[in-house]
Amino acid sequence: MQPNVKKLLAGALLAATAAAPALGLASTAAPAQASTAVQATVHADGLTYGQDVSHYQPDHDWAASGAAFGIVKATEGATRVDASFARHWADLGAKGKVRGAYHYGHPSNDPIAEADHFLSVVNRQPAAKGDLLALDLETTDGRSVTEVNAWARTWLAHVQAKTGITPLFYSGWNFADEYGRGLQQYPLWVARYGVGPGSVTAPADWKSWTIHQYADAPVDQNVSALTAARLKGLGRR
């Protein structure tokens with residue numbers, strides 16, 4: 001979800017996914033273009049609309065967003081805290097939207113240290129039933145497939161053990177397909193551009209996806225195959 005990473009991948013993803021088959025429930029509509037138009041909370045195809053943001057969108061207006069859910073960057077690596085996290089977290093809670101927090105991982109660091117850093121930041125904010133947690137993994141830091149996969153397993157398992165919440169796993173489709181084998185017990189939040197909202201197949205060992213990030217303008221745009229209530233059921237009890 002880092003703009004520099006996503007922009008580099010967008011062209012390749014567009015070419016690679018143009019012919020990808022859609023799930024039976026998927027929309028065939030074209031992805032949203034850069035626009036300030038408010039999106040509907042529920043798409044005509046029944047998918048649930050959401051957005052994700054970070055400090056790159058410090059003034060994002062959740063009231064006007066049309067999103068039923070929002071996922072915001074909390075931390076990165078072992079020390080960084082997103083400057084806009086507290087503001088977005090509070091605003092999502094005040095607006096009554098399903099909310100989640102994500103951590104941008106770096107496999108060059110200790111996964112336990114990164115997971116504990118993430119949890120320490122999230123736990124300093126007010127919690128509510130249904131809050132989601134997620135790992136954003138898009139970089140290898142020069143590590144092998146086996147090392148990156150083991151890093152993700154350790155991070156995800158540690159967060160689940162500490163919180164009782166099964167974290168979502170976020171990545172681009174190609175990255176998830178190569179580095180995400182054996183992680184299918186974690187709900188998949190997958191980025192694949194160049195196809196319509198929900199028109200994505202699941203990579204690696206996942207049988208289905210939970211959230212599809214289908215565009216990044218004017219902000220990251222997503223649809224979930226779940227209703228807002230069911231999505232909330234994946235979060236804090």
Side-chain angles (χ1 to χ4, degrees), residues 1 6 9-10 13-14 16-54 57 60-73 88 92 95-102 130-136 138 167-177 180 184 186-204 206-235:
M1 277 168 274
K6 292 190 301 178
L9 292 176
L13 286 172
L14 177 62
T17 61
L23 295 174
L25 54 76
S27 165
T28 56
Q33 302 300 315
S35 168
T36 57
V38 174
Q39 303 294 318
T41 298
V42 179
H43 276 225
D45 50 26
L47 300 175
T48 305
Y49 177 72
Q51 297 174 341
D52 64 270
V53 300
S54 69
Q57 300 87 22
H60 185 62
D61 186 350
W62 288 106
S65 70
F69 66 92
I71 307 179
V72 299
K73 184 177 181 180
H88 287 306
L92 282 165
K95 302 298 187 296
K97 298 179 185 292
V98 181
R99 66 184 178 184
Y102 76 84
D131 288 345
L132 305 168
L133 303 177
L135 170 63
D136 174 358
E138 306 176 46
L168 285 79
F169 177 83
Y170 168 92
S171 195
W173 195 98
N174 291 337
F175 194 100
D177 194 51
Q184 66 272 15
Y186 300 100
L188 177 64
W189 176 15
V190 63
R192 195 159 204 179
Y193 304 160
V195 298
S199 300
V200 61
T201 54
W206 283 278
K207 301 301 182 186
S208 62
W209 52 270
T210 298
I211 299 174
H212 173 206
Q213 184 188 90
Y214 62 90
D216 63 355
V219 297
D220 288 345
Q221 300 192 64
N222 305 268
V223 288
S224 177
L226 304 180
T227 64
R230 289 180 62 200
L231 190 61
K232 197 171 182 179
L234 298 177

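Values below: every heavy atom of this structure, side chains too, minus hydrogens, waters and symmetry copies. We number each residue from 1, following the sequence as shown.
For the ring pair (Phe, Tyr, Trp, His ring centres under 6.0 Å) test with F169, the passing option among W206, F175, W189, Y186 is W206; the others fail. Of the options D52, V200, V223, I71, a side chain to side chain contact (heavy atoms under 4.5 Å, CB included) to Q213 is made by D52 and by none of the others.
Proximity of N222 to H212: side-chain heavy atoms (C-beta onward) are nowhere separated by under 4.5 Å. Using a 4.5 Å heavy-atom threshold, the side chains of L132 and V98 count as touching. At a threshold of 4.5 Å between non-hydrogen side-chain atoms, the residues T41 and Y49 do not count as touching.
With no hydrogens or angles considered, no side-chain donor-acceptor pair links Q221 and D216 at under 3.5 Å. H88 and Q57 are not linked by any side-chain donor-acceptor pair at a separation below 3.5 angstrom, with hydrogens and angles left out of the test.
Taking OH of Y170 as the reference point, atom OG1 of T210 lies at 14.5 Å (rounded to 0.5 Å). To the nearest 0.5 angstrom, Y102 atom OH is 11.5 Å from L135 atom CG. From L188, atom CG reaches atom NZ of K207 across 13.0 Å, with rounding to the nearest 0.5 Å. In this structure, L92 CG and H60 NE2 are separated by 8.0 Å, a value rounded to the nearest 0.5 Å. Atom-to-atom distance recorded for S54:OG and D220:CG is 8.0 Å, nearest 0.5 angstrom. Within the model, atoms CD1 of I211 and CG of L234 stand 8.0 Å from one another, a figure rounded to the nearest 0.5 Å.
Listed here is the closest heavy atom pair of L47 and A225: CD2-CA, 3.9 Å. For the residue pair A228 and A68, the shortest heavy atom distance occurs at CB-CB, 4.4 Å. Between A176 and S171, the shortest heavy-atom contact is N-OG, 4.0 Å. Taking both residues in full, the closest heavy atoms of L231 and S224 are given as CD1-OG, 3.9 Å, listed atom of the first, atom of the second, then distance.
A donor-acceptor pair under 3.5 Å links the side-chain atoms of T48 to the main chain of L226, judged by distance alone. Checking side-chain atoms of W173 against main-chain N and O of T201 turns up a donor-acceptor pair under 3.5 Å. Checked by atom type and distance alone, the side chain of K73 never pairs as donor or acceptor with a backbone atom of V53 at under 3.5 Å.
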Exercise for the section: Might you work through the side chain to side chain contact (heavy atoms under 4.5 Å, CB included) test for R99 and F69, ending with a clear yes or no? Expected result: CA-CA 6 Å; R99 66 184 178 184; F69 66 92; over 6 Å; no
